[in-house]
Each structure stands twice: as C-alpha cells, then as structure tokens.
2 protein chains.
Amino acid sequence: MSKRHAQPTLSDVARLAGVGVGTVSRVVNGGINVSPETFRKVDAAIQRLGYRPNHAARVLKGGRTKTIGLLVPSIADSFFASCAEAAGRVARLHDSLLIVSVTKNRHDAEMNSLDVLMRHRPDGLLLVPSSSSQTDLSRLLNRSPIPVITFDRPLPGSGCSSVLTNSFESAREATAHLIGHGYKRILCFGGEPELYTIAERVRGYHKAMEEAGLPPMIDTSLGPDASRASSLLAVHLKSKRPPDAILTLKNSSTIGTFQALQELGVPVPSRVALLGFDDFELATTLRPAISVVQQPIEDIGRTAAELLFAQLEGASRTKTSNRLKQNQVILANRLVIRRSCGCGSV
Amino acid sequence: MSKRHAQPTLSDVARLAGVGVGTVSRVVNGGINVSPETFRKVDAAIQRLGYRPNHAARVLKGGRTKTIGLLVPSIADSFFASCAEAAGRVARLHDSLLIVSVTKNRHDAEMNSLDVLMRHRPDGLLLVPSSSSQTDLSRLLNRSPIPVITFDRPLPGSGCSSVLTNSFESAREATAHLIGHGYKRILCFGGEPELYTIAERVRGYHKAMEEAGLPPMIDTSLGPDASRASSLLAVHLKSKRPPDAILTLKNSSTIGTFQALQELGVPVPSRVALLGFDDFELATTLRPAISVVQQPIEDIGRTAAELLFAQLEGASRTKTSNRLKQNQVILANRLVIRRSCGCGSV
DNA sequence: CGGCAGGCTGGAAACGTTCCCAATCCAAGT
DNA sequence: ACTTGGATTGGGAACGTTTCCAGCCTGCCG
C-alpha cells in the first residue's frame with residue numbers, strides 16, 4: 001500500500017497490528033467495542049507509523065469537512081481581522097478551521113472567491129457581502145446546501161441571518177451628542193456611500209439633524225483610502241459656511257480627517273470638533289484623544305460564528321432551524337467620549 | 001444517486017446528458033478529446049443541475065488539495081494579518097486557498113493547531129514557529145510529506161526555508177543612529193526576549209553599543225502587551241542614570257512606551273528620544289512623529305508564499321528541490337527617520 | 001448438554017472522482 | 001476490401017475511510 005513517502009493508511013496500520021481495517025477504524029474513532037489488548041496493539045501501530053486519518057476520505061464518506069468559509073473584503077483590515085480571529089476561536093471550539101478568501105469589496109472578485117471557496121465544501125459560510133446585488137443573492141439562496149451567515153452587512157432577500165450593529169441609532173446618537181455641544185454646522189464626511197453601514201450612518205446623521213432643525217451637510221465623496229481628505233476638507237473649511245464639527249463615517253475617514261486637520265493647522269476641537277465611527281488603538285493617544293462610536297468587533301465575529309454553528313447543529317438535529325434561520329442579531333455600539341468632540345479635560 | 005438535497009454528482013450529469021461518467025469528467029477538466037456536440041450537451045446538463053465537482057473525491061484520488069496552511073501567532077495582529085493577505089494573494093494566483101489557525105505563541109496551542117491543520121492535508125505550510133523547540137521540529141521534519149516555509153522566525157535544524165528580515169543589522173544601524181545623535185544612555189526596551197526577532201534586535205543593539213564603547217542598558221521584562229510600560233519606565237527615569245534615548249523592540253512596545261512617556265509628561269525627544277521597531281499607521285500622525293525600523297511586511301508574506309509554491313512546483317517536476325530547499329531569504333528593513341529620535345523638523 | 005446472547009472481529013460495499021483500457025467509429029492508406 | 005490509426009466514448013478500478021453485516025468465541029441460561 002504505502003508506496004514510498006506516502007502517508008500510512010488504515011490498512012497499513014491494520015497489517016502492522018495484525019488486525020482488520022474495521023478494528024483500526026473503531027480504535028481511531030474512540031475505541032468502542034474493542035478489547036483493551038487490541039486497542040493497545042493498534043494504538044502502538046498508529047504511533048509507530050505516525051498514522052493520520054485521511055481527511056478527504058472521511059469527507060467523501062459523507063462527513064462534515066470541519067471547515068467554515070470566511071469571505072471578507074480584506075483580511076489586513078483590523079476590523080475584519082479581529083472578526084476573523086474571534087470567529088476562528090469559535091470554530092476551533094467546534095473542531096473546525098477557517099478557510100479564508102477576500103473580496104476587496106468588488107463584485108466580480110467576490111463571485112470568483114465564492115466559487116473557489118464553495119469548491120472546498122465548507123460546512124458553512126461567514127460572509128461580508130460586497131453589495132446587495134442579485135446574481136450573488138440568487139446563487140447563494142438557490143443552491144447553497146450550507147448555512148450562510150452575513151455580518152457587518154445584510155443580504156436582503158437571501159434569507160440568511162445577519163449580525164449587524166445599530167449603525168443608524170448610534171449615528172443619530174453621536175450626531176445628537178455633537179448637537180448637544182451647540183455645534184450647528186456639522187459635516188458628515190467619509191466615503192463609499194454604497195456600503196450598507198455607511199448608508200445607515202448617513203441616515204442616522206440625517207435623522208438627528210432633521211430632528212434638531214439643522215441643515216444636513218453631507219460629503220461622501222472621499223474614496224476608500226482617505227487620501228483626498230485634506231483637499232476636500234480645505235474646500236469645506238474655506239466655504240462661506242464652514243463646518244464647526246465633523247462626523248466621520250468610518251475608521252479610515254476618521255484618521256484621514258484628523259491628519260488633514262492637523263496638516264491644515266486647524267485646532268481640534270476648538271475650531272472644528274471631531275467624532276468618528278470605529279475605535280482604533282491609538283485613539284486615546286492622539287491629541288486630542290478622538291471620540292468615537294465603538295463597535296463590539298469581537299462580539300460580531302463571535303456571534304456570527306456561533307449562529308452558524310447553531311444552524312449546523314440544528315440542521316442535523318431537528319426542525320428548530322426555522323427559528324434560527326430568521327435570526328437577525330443587532331449588536332449595540334457604544335459612544336466613547338474623549339476630547340475631540342469638545343468634552344472633558346483628559 | 002441524488003437522494004434529496006444532495007449535490008449532483010458526475011453520474012447524475014452523465015445520466016442527464018446521456019453519456020458516460022468518463023466523458024463528463026473530461027468535459028469538466030477542460031474538454032480535451034471531446035466532440036463539440038457532446039461538450040455542449042454535457043455542459044448544458046452541468047448548468048442545469050448546478051453541478052460542482054466534489055473536492056474531497058478529487059483529493060482522495062490523489063490530487064492536490066489546493067489549500068495551504070497558515071499558522072501564525074495571531075491573525076488580528078496587523079503584522080501577521082498583512083502577511084496573511086499577501087500570502088493569500090499569491091495563493092489565489094495558484095488557484096489555492098488559505099486555511100488559517102493561530103498559535104498564540106504558545107507551544108501546546110501550536111502543536112494542537114498544527115495537528116488539526118495537517119488533518120486537512122494542505123499542499124504546503126506557512127509557519128511562524130512559536131519557539132525553536134524540538135518536538136515541533138522533529139515532527140515537522142520527520143514526517144511532513146509537504147513543504148514547510150517559516151517566516152518571521154527560523155526553525156533551526158528543521159531544514160525548512162525561512163523568510164526573515166535583517167533584525168540584527170537593522171537594530172545595530174538604528175542604535176548607531178541614536179548614538180550619532182550623541183545619546184549615551186540608550187535603553188533597549190521591550191518584551192518577550194525568547195522570540196527570535198527580539199533576541200536578534202537585542203543582539204544588534206548590544207553590538208552597536210559595544211562598538212561605541214557605551215554600556216548597554218537592556219530591559220526585556222515588558223510583557224506581550226505593553227501594560228506595564230509606564231511603571232517600568234518610571235523606575236528607569238528615576239534611576240540615577242536615566243536613559244536619554246530608548247530603542248523599543250517591537251510594535252506594541254513602541255506604542256506602549258510612547259503612551260507611557262506621554263502619560264509621565266516626559267518630552268520626546270528633548271528629554272528622551274525614541275526609536276522603535278515596526279512601523280504603524282499612525283506613526284506619522286503622533287507628535288512627535290515616531291522614527292522606526294520598518295519591515296517590508298507585504299514582501300515577507302508574498303515571498304514566503306512564492307517560495308512555497310516554488311517548492312511545490314519543483315517537487316512535482318524535477319530534483320531541483322535541493323536548491324530551493326536550502327533557501328533562506330533575508331529581506332532588508334528600512335530605517336525610517338522621523339522626529340522622535342531627535343532628527344528633522346517635520 | 002444445547003442453544004443463545006452479546007462482545008469482539010474481519011471484511012465488503014459505498015462515497016465521487018480520475019485514470020486507464022477497451023471498444024467503437026470513421027477516414028485513409030495499401 | 002481489409003487493415004491501420006486517430007478521435008471519441010464507456011466503464012471498471014482505485015483512492016482511504018466509515019458502516020454494516022456476518023462470523024466467531026465465550027459464558028450463561030434453560
């Protein structure tokens with residue numbers, strides 16, 4: 001059997017131990033109905049040969065692949081990286097591993113990655129959809145025999161559960177906080193308005209401004225990287241109605257805006273206050289410390305993975321899956337007040 | 001064949017198209033020696049059934065798994081996350097996916113993760129060894145039928161290639177730079193001296209101090225997180241021979257040290273200069289901007305993956321593998337001078 | 001003492017694919 | 001006309017595992 005450098009197989013072990021393949025299989029799988037003596041013999045042979053079960057054969061026979069797919073825009077992004085870490089931890093608890101692929105937020109790359117990923121027959125899929133498109137949706141919905149959980153963004157119409165945060169509410173709250181400071185010309189600033197989270201945040205901002213009777217000032221023309229922040233902000237600041245506060249829509253916008261203000265020599269918060277979405281490691285170290293809306297990143301990844309495994313369990317057990325299938329978990333963001341919005345004295 | 005919700009198989013397609021399984025297989029694999037007409041028929045059947053090849057069966061038959069394992073201390077760490085992204089990009093070019101698992105820099109977790117990972121029979125392995133231990137080494141070396149590439153840290157005696165950076169040289173250069181400023185009491189500060197990179201950097205620092213005839217001041221008692229930086233530094237600063245410059249040994253130490261100095265009200269660089277290992281996004285945004293030794297992170301991940309696939313190609317082709325097997329790639333770090341070391345005026 | 005239950009064991013079938021070999025067909029060469 | 005050969009096709013064997021069934025032995029009950 002064993003050609004040369006090939007891995008030893010069940011029958012190699014069986015031959016060495018002088019037993020049948022069935023017996024070895026029983027030993028490998030916990031040793032029920034195996035005499036202690038035989039167990040010892042077989043175990044010794046396993047150790048001696050360094051036998052490892054062939055995963056592919058097990059899967060082929062009909063088992064789980066013990067693998068879940070993770071499809072995110074980028075794995076270098078700290079947000080998704082932390083989600084991945086948390087999800088990976090949960091996976092390990094279920095004796096599973098993560099197969100990772102990236103979408104770059106582009107639909108074609110996403111479809112391609114999805115296709116490659118599905119070839120590996122993961123038991124389930126954790127997905128951050130790049131958009132709410134239709135081809136995507138239909139393929140997932142129509143012939144995905146595996147449960148799919150979406151996080152950070154929903155996939156309406158696909159019927160799969162999502163783990164989201166209350167972007168709308170927290171944007172509204174954050175904006176209201178700025179309004180409470182007395183700022184009247186609050187600029188909502190950032191990029192990629194086509195993304196769900198960004199759109200929700202803009203909506204929340206809009207609502208709060210409306211409620212306060214203030215005219216909304218929205219500029220979502222900043223790109224994915226925040227390279228143009230400085231020039232864009234220069235224009236806003238030189239306009240006849242310059243903003244006295246800025247709500248930034250995501251991590252990179254917040255940092256880009258801070259850098260731009262620093263570069264332009266605009267004092268924060270005395271001339272322009274700043275409050276941003278997404279916390280970051282050095283937010284407390286910058287001067288002034290940046291006030292942010294903090295997402296429960298770890299919880300997002302963890303919850304998504306837990307939901308997925310719950311569906312997997314449910315699928316193999318009973319018809320409880322309906323309750324799980326319609327789940328939509330909304331986690332609460334936290335407004336973390338520091339200095340940049342004009343508060344405190346730290 | 002197809003029970004109910006099961007995925008369609010080759011023979012399902014064959015039956016629908018009215019051909020043999022062999023023909024369908026040929027179509028799926030590029031359609032050589034298949035008449036155009038038959039190709040059309042089969043392709044139609046494939047589309048209609050939504051057939052996807054069963055990866056497990058292919059693998060079992062002896063093919064590649066199109067999968068490479070990535071074993072890193074943490075995937076949330078920006079350094080490893082960026083390496084992973086780069087490696088993943090290379091993998092995709094080779095039609096492969098990444099299976100990720102984490103070691104937390106702990107030996108037991110590493111062995112466990114490795115075991116779980118190997119069960120999935122990746123075609124190759126990208127590894128950041130938690131230590132230079134022996135059990136680990138022997139298992140990898142003895143019965144790993146797949147190529148293993150180590151990065152960030154070597155695994156001496158294992159015979160596998162590594163992708164490293166010139167930690168020693170760049171630490172020496174960085175220290176020399178500080179010495180060039182006229183600093184004489186340079187503290188080498190950070191944690192985890194058991195890690196290869198840290199040890200090399202300490203060695204480089206030591207060498208530079210020795211060459212300048214200065215007494216080394218080394219404190220590597222800071223933990224993995226930099227939580228104790230403040231109290232440790234307070235002690236150093238109050239000693240009768242307080243440092244006038246600090247060389248920090250890694251990312252988190254650099255940030256922790258900066259935070260501690262800020263907290264303690266120590267002006268940088270006028271009272272204590274700072275130069276750290278590892279660049280980070282906001283290094284230019286902090287005031288003063290932090291001078292750092294910058295590692296070519298993307299290159300590390302990319303090179304490691306490229307080396308791995310080169311070995312995979314080589315293994316299936318000829319005996320060129322010897323040349324590849326002994327490869328040890330050392331990438332050059334870059335000293336990025338900003339303000340915190342006392343230079344410039346930005 | 002005969003039969004039977006139950007622990008233990010060996011081995012065949014099946015999972016879905018690829019690879020190989022044999023079979024078929026048609027055109028062309030002798 | 002008969003052979004040859006290439007192109008095309010069908011189908012069996014094998015990959016390594018799990019699962020199931022039959023067989024064996026032992027000890028116990030009737």
Side-chain angles (χ1 to χ4, degrees), chain A residues 1-43 45-46 49-66 118-121 145 316, chain B residues 1-43 45-46 49-67 118-121 123 145 316:
Chain A
M1 276 300 159
S2 59
K3 297 272 179 184
R4 182 82 81 93
H5 266 296
Q7 297 254 343
T9 73
L10 263 194
S11 46
D12 290 324
V13 176
R15 201 167 337 107
L16 178 60
V19 301
V21 287
T23 303
V24 180
S25 177
R26 276 184 290 265
V27 169
V28 170
N29 293 297
I32 43 170
N33 276 357
V34 177
S35 76
E37 190 195 3
T38 308
F39 190 98
R40 268 195 313 97
K41 260 195 315 188
V42 173
D43 195 53
I46 287 175
L49 291 177
Y51 167 79
R52 286 167 187 272
N54 183 316
H55 189 240
R58 282 182 157 176
V59 171
L60 178 57
K61 198 58 182 69
R64 293 264 162 86
T65 60
K66 296 287 186 182
M118 289 304 270
R119 236 176 256 166
H120 290 251
R121 306 273 163 128
S316 68
Chain B
M1 275 300 157
S2 58
K3 297 272 179 183
R4 181 83 80 92
H5 267 296
Q7 296 254 340
T9 75
L10 264 193
S11 47
D12 289 325
V13 176
R15 203 168 336 107
L16 179 60
V19 300
V21 286
T23 303
V24 180
S25 177
R26 275 185 291 266
V27 169
V28 170
N29 293 296
I32 42 171
N33 275 358
V34 176
S35 75
E37 189 196 4
T38 309
F39 190 99
R40 267 196 312 98
K41 258 196 318 190
V42 173
D43 194 54
I46 288 176
L49 291 177
Y51 167 79
R52 285 168 187 270
N54 184 317
H55 189 240
R58 282 181 158 176
V59 170
L60 177 58
K61 197 58 184 60
R64 293 265 163 85
T65 59
K66 296 287 187 182
T67 271
M118 289 304 271
R119 236 175 256 165
H120 290 251
R121 308 272 162 129
D123 298 329
S316 68

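Proteins come first, then strands; the chains are lettered A, B, ... in the order of their sequence lines, and each starts at number 1.
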### Query
Want to settle it: does B/G22 or B/R121 sit nearer the 5' end of DNA chain D, counting the closest nucleotide to each?
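In this pair, the answer is B/G22.
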### Along DNA chain D (nearest heavy atom to each residue), the more 5'-positioned of B/R26 and A/R58
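Between the two, 5'-proximity favours B/R26.
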Quick one: is [N] close enough that its OP1 or OP2 comes under 4.0 Å of any side-chain N or O from [X]?
X: A/S25; N: D/dT18; result: yes
X: A/S35; N: C/dG7; result: no
X: A/N29; N: D/dT18; result: yes
X: B/T9; N: C/dC15; result: no
X: B/T23; N: D/dT9; result: no

For [X] and [N], what is the distance between atoms [atom1] and [atom2] respectively, to the nearest whole Å?
X: A/H55; N: D/dT18; atom1: NE2; atom2: P; result: 11 Å
X: B/Q7; N: C/dT17; atom1: CD; atom2: C1'; result: 14 Å
X: B/F39; N: D/dT8; atom1: CZ; atom2: P; result: 13 Å
X: B/N33; N: C/dC19; atom1: CG; atom2: P; result: 14 Å
X: A/L10; N: C/dA14; atom1: CG; atom2: P; result: 19 Å
X: B/L60; N: C/dC15; atom1: CG; atom2: C1'; result: 9 Å
X: A/K66; N: D/dT17; atom1: NZ; atom2: P; result: 17 Å
X: B/K61; N: C/dC20; atom1: NZ; atom2: C1'; result: 9 Å

Indicate, with a heavy-atom threshold strictly under 4.0 Å, whether [X] touches base, sugar-phosphate, or nothing.
X: A/G62; answer: nothing
X: A/N54; answer: sugar-phosphate
X: B/V59; answer: nothing
X: A/G18; answer: sugar-phosphate
X: A/V28; answer: nothing

### Query
If you take atom types as modelled and just measure distance, does the side chain of A/R52 reach the base of D/dG16 with a donor-acceptor pair under 3.5 Å?
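In this structure, the two groups form no donor-acceptor pair.
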From [X] atom [atom1] to [Y] atom [atom2], the distance as rounded to the nearest 0.5 Å:
X: B/R119; Y: A/R58; atom1: CZ; atom2: CZ; answer: 7.0 Å
X: B/L10; Y: B/T23; atom1: CG; atom2: OG1; answer: 10.5 Å
X: A/R26; Y: A/F39; atom1: CZ; atom2: CZ; answer: 12.5 Å
X: A/H120; Y: B/H55; atom1: NE2; atom2: NE2; answer: 4.0 Å

### Query
Between the main-chain N or O of A/T38 and the side-chain N or O of A/S35, is there a donor-acceptor pair closer than 3.5 Å?
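Confirmed, A/S35 side chain pairs with A/T38 backbone.
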#### Entry: Candidate nucleotides C/dG16, C/dC8, D/dT8, ranked by approach to the side chain of B/T38 - the nearest
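Selected nucleotide: D/dT8.
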### B/R40/B/D43 salt bridge by N-O under 4.0 Å criterion
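No, B/D43 and B/R40 are not salt-bridged.
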